[in-house]
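Scroll down for the structure; my scribbles are underneath it.
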Amino acid sequence: MTAPVRVRFAPSPTGTLHLGSARSALYNWLFARHAGAEGTYVLRIEDTDAARSTPENVEQALRVFRWLGLDWDEGPGVEGPHAPYFQSQRGDRYTAALDQLFASQDVYRCFCTKEELDAERAAAQAEKRPFVYSGRCRDLPVADAVARAEAGEAHVVRLRVPEGEVTVVHDVVVGDSEFENALLGDFVVARADGSPLYNFANVVDDAEMRITHVIRGNDHLSNTPRQVLLYRALGHDVPAFAHLPMVLGPDGAKLSKRRHHTSTVEQLALAGYAPEAVRNGLALVGWSKDGETTTMSTAELVEHFDLTRVKKSSAQMDYGILASINGDHLRAMEPVTWADGYAAWRDEWLPADDPHHEAARVVEPSVAARLVQEKCATWGEVPEYLGFLLEPFTMSEEASKRFAKTGDDGVRVLDHIIPVLEALPSFTLEALEAALRGAADDLELKPGKVFAPIRFAVTGRTIAPGLWESIHELGRDRSLERLRAGRERLVAAAAEAVEA
RNA sequence: GCCCCGUUCGUCUAGUGGCCUAGGACGCUGGCCUUUCACGCCGGUAGCACGGGUUCGAAUCCCGUACGGGGUACCA
């Protein structure tokens, strides 16, 4: 049995969830679920930046997060024993914690101005010496400091960092890292306006929410000694840490929405990825079950996930692998499941002004499943396959070129097949396949030679479902209409070629 | 500058001193299958950053260098 585990994901709701954050959210979730009933997954919204944390952004963030399917046990909407779960509503907790630290004299008021500090910093830089706060205000008599503060003098609050010690961060992924307190300096925990800084608010929240494992990006590792110091000052147990390797863009640069088209979860949803596949693909960036297994259900992920198997080194995002995994998942689905997922994508994510909007709706999702489930790596590719069902008929440039190439044989084939289809007693898939294969025999041509002109005439595309499926779905009348028109076009093209 | 972390095929990764003439996946590529596009199957391609140690033996341990990343804020 596993010890009770409490983890959290604490996004700032700036509208988008990039893949690095999503992976952190996923690992926290997998870790909690792996612990079974003993595991709790908390979602806390870090909305202290009022300007960017609009209600719309929060809602947008939650929408994307729900799509990813990482259900939370405590947080917005479900609440829980440590509510509120919005940092913006927890101001009193930070004030109380700060009061506690004042009482124990673990923090002190610092009246140094920004200008003074900038000058110190510049001087340190010039001497190629690390900048550490001098501690000038550290030993101001408390009574004096309080008096100045009450007189309205601007000041920040700093932690009295124990001198001459080394703070060790124990990390499940990275191992132990040592940080000299002397290099940390007495860092700021609250601004002049009394608002808490990230490190402080974070520790207060995590401590009060009884978080046992802090699983987050490696970019927070350097902050961790400060946080450890804060836990101690507040008299709380220090949680276990797990710093995850960074997720970089495919080019090795930082992930950015600007440079990378699918750098956010929302973009993946839009592109027609399946949530289960994204969980699978993201889990494999920095972790592996055994180095062999790639396609895994979420249940398998939960069963096998292990923080100690997480890599230390950062990874570049490979969207090709993600797409491949998505294709595996899509193909493995029950057709009904596939159709439901497709419908959800089409109706909830495909923008109304998308050029594929119409094609995406030309048939029922269950029909789309029958036609193209086997062929698509993402639901976003489906409309392209279904486009041939749209009216009016159009022919792509590539198809047009290849159609013309079929030449006299093409005309022969069409002349042969049109009456055959007209006469077909029942227009079933089986009958169509038999008729088309029979045509190849009758004409004494290779199947490919026979099918090519028919395909181009009927679909006008180089990308479409299977031939008989396509014809069957189009129906007898429309298929024949297109075959006849195609024949005329082919004859005309041949004539033109002769003239030229 | 200083501090912390990292470095296995193009990419994601397996590998914790002998099972490694380094395994899997994606990609690329040759072939098969074949009704376009895909899928599937068979094969190929390519890697332990570099230099020193330690050891009978090192991708694995130690030191250094290079490179990459993160931090160094009254940002998160």
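Below, all heavy atoms of this structure are taken into account, side chains as well, without hydrogens, waters or symmetry copies. Per chain, numbering begins at 1; letters A, B, ... match sequence-line order.
Only the C1' atoms considered, B/G27 is 11 Å distant from B/C12, to the nearest whole Å. Only the C1' atoms considered, B/A73 is 40 Å distant from B/C48, to the nearest whole Å. When the P atom is compared between B/G43 and B/A38, the two are found 22 Å apart, to the nearest whole Å. Taking atom P on both B/A46 and B/C41, the two are 23 Å apart, rounded to the nearest angstrom. Between B/A22 and B/A58, the two C1' atoms lie 13 Å apart (nearest whole Å). Remark: the separation of the P atoms in B/C61 and B/A25 is 27 Å, to the nearest Å. Taking atom P on both nucleotides, B/A14 is separated from B/U8 by 10 Å, rounded to a whole Å. Across B/U60 and B/C9, the matching P atoms stand 14 Å from one another, rounded to whole Å.
Between the P atom of B/C74 and the CG atom of A/Leu159 lies a distance of 14 Å, rounded to the nearest Å. At whole-Å resolution of the value, CG in A/Leu414 and P in B/U35 are 17 Å apart. Distance, A/Lys312 NZ to B/C48 P: 22 Å, rounded to whole Å. Atom pair A/Asn199:CG and B/C75:C1' shows a separation of 10 Å (rounding to whole Å applied). We find that NZ of A/Lys446 is positioned 12 Å from P of B/U36, with the value rounded to whole Å. For the pair A/Arg158 CZ and B/A73 C1', the computed distance is 10 Å after rounding to whole Å. Between A/Phe241 atom CZ and B/C5 atom C1' the separation is 16 Å, expressed in whole Å. To the nearest angstrom, P of B/G70 lies 16 Å from CZ of A/Arg216.
Within 4.0 Å of A/Gly320, counting heavy atoms only, lie sugar-phosphate atoms of the nucleic acid but no base atom. The residue A/Ala315 sits close only to the backbone: its heavy atoms come under 4.0 Å of sugar-phosphate atoms, none of a base. Backbone-only engagement by A/Ser324 is indicated by non-hydrogen atom pairs under 4.0 Å involving sugar-phosphate atoms exclusively. Residue contacts for A/Phe187: at a heavy-atom cut-off of 4.0 Å it reaches no nucleic acid atom on any strand shown. Residue contacts shown for A/Gly286 are limited to sugar-phosphate atoms, with no base heavy atom under 4.0 Å away.
Distance from the side chain of A/Arg331 is smallest for B/C39 among the nucleotides B/C39, B/A76, B/C5. Distance from the side chain of A/Ser313 is smallest to B/G6 among B/G24, B/G6, B/C74.
Residue whose closest nucleotide on RNA chain B sits further toward the 5' end, between A/Val188 and A/Val310: A/Val310. Along RNA chain B, the nucleotide closest to A/Glu178 and the one closest to A/Pro245 are compared, and the more 5′ of them pairs with A/Glu178.
Note on A/Arg191: a side-chain N or O is less than 4.0 Å away from OP1 or OP2 of B/C75. Between B/A14 and A/Ser288, a contact under 4.0 Å exists linking OP1 or OP2 to a side-chain N or O. Residue A/Arg129 has no polar side-chain atom (N or O) positioned under 4.0 Å from OP1 or OP2 of B/U72. Residue A/Lys311 places at least one side-chain N or O under 4.0 Å from the OP1 or OP2 atom of B/U13. Under 4.0 angstrom from either OP1 or OP2 of B/C37 there lies no side-chain N or O belonging to A/Arg461. Considering only side-chain N and O atoms, A/Ser12 lies nowhere under 4.0 angstrom from the phosphate OP1 or OP2 of B/A76. Between A/Arg23 and the phosphate of B/C12, there is no side-chain N or O to OP1/OP2 separation shorter than 4.0 Å. The phosphate of B/U35 has OP1 or OP2 within less than 4.0 Å of a side-chain N or O from A/Arg437.
For the residue pair A/Thr462 / A/Arg455, no side-chain donor-acceptor distance below 3.5 Å is found, with atom types taken as modelled. Between the side chains of A/Asn223 and A/Tyr198, no donor N or O sits under 3.5 Å from an acceptor N or O.
Looking at A/Glu208, its side chain never comes within 3.5 Å of a backbone N or O of A/Val204 through a donor-acceptor pair.
Taking the six-membered ring where the residue is Trp, A/Trp338 and A/Tyr342 present parallel rings, their angle staying beneath 30° rather than reaching 60°. Relative ring orientation between A/Phe305 and A/Trp287 is described as tilted, the plane-to-plane angle lying within the 30° to 60° band.
Pair assignment for B/C41 gives B/G31, based on Watson-Crick or G-U wobble hydrogen-bonding distances that are each under 3.5 Å. The partner of B/A25 is B/U11, judged by Watson-Crick or G-U wobble contacts that both fall below 3.5 Å. Across all strands shown, B/C19 forms no Watson-Crick or G-U wobble pair with both distances under 3.5 Å. B/G64 is paired with B/C50 under the Watson-Crick or G-U wobble criterion, all donor-acceptor distances under 3.5 Å.
Closest heavy-atom contact between A/Gln316 and A/Pro250: NE2-O, 2.7 Å.
Side chain A/Lys114 to base B/C74: no donor-acceptor pair is found below 3.5 Å. Judged by distance alone with a 3.5 Å cut-off, a donor-acceptor contact links the side chain of A/Ser222 to the base of B/G70. Scanning atom types as modelled, one donor and one acceptor separated by under 3.5 angstrom connect the side chain of A/Asn223 and the base of B/A76. Judged by distance alone, with hydrogens and angles left aside, A/Lys449 brings no side-chain donor or acceptor close enough to the base of B/U35 to form a pair under 3.5 Å. A donor N or O paired with an acceptor N or O is found under 3.5 Å between the base of B/U35 and the side-chain atoms of A/Trp468.
A cation-pi geometry, defined here as NZ or CZ lying under 6.0 Å from the six-membered ring centre and within 45° of its normal, does not hold between A/Arg109 and A/Phe111. Cation-pi geometry between A/Arg489 and A/Phe403 is not met: the NZ or CZ atom fails to fall both under 6.0 Å from the ring centre and inside 45° of the normal. Cation-pi check for A/Arg44 over A/Tyr85 is not met; the charged atom does not lie both under 6.0 angstrom from the ring centroid and within 45 degrees of its normal.
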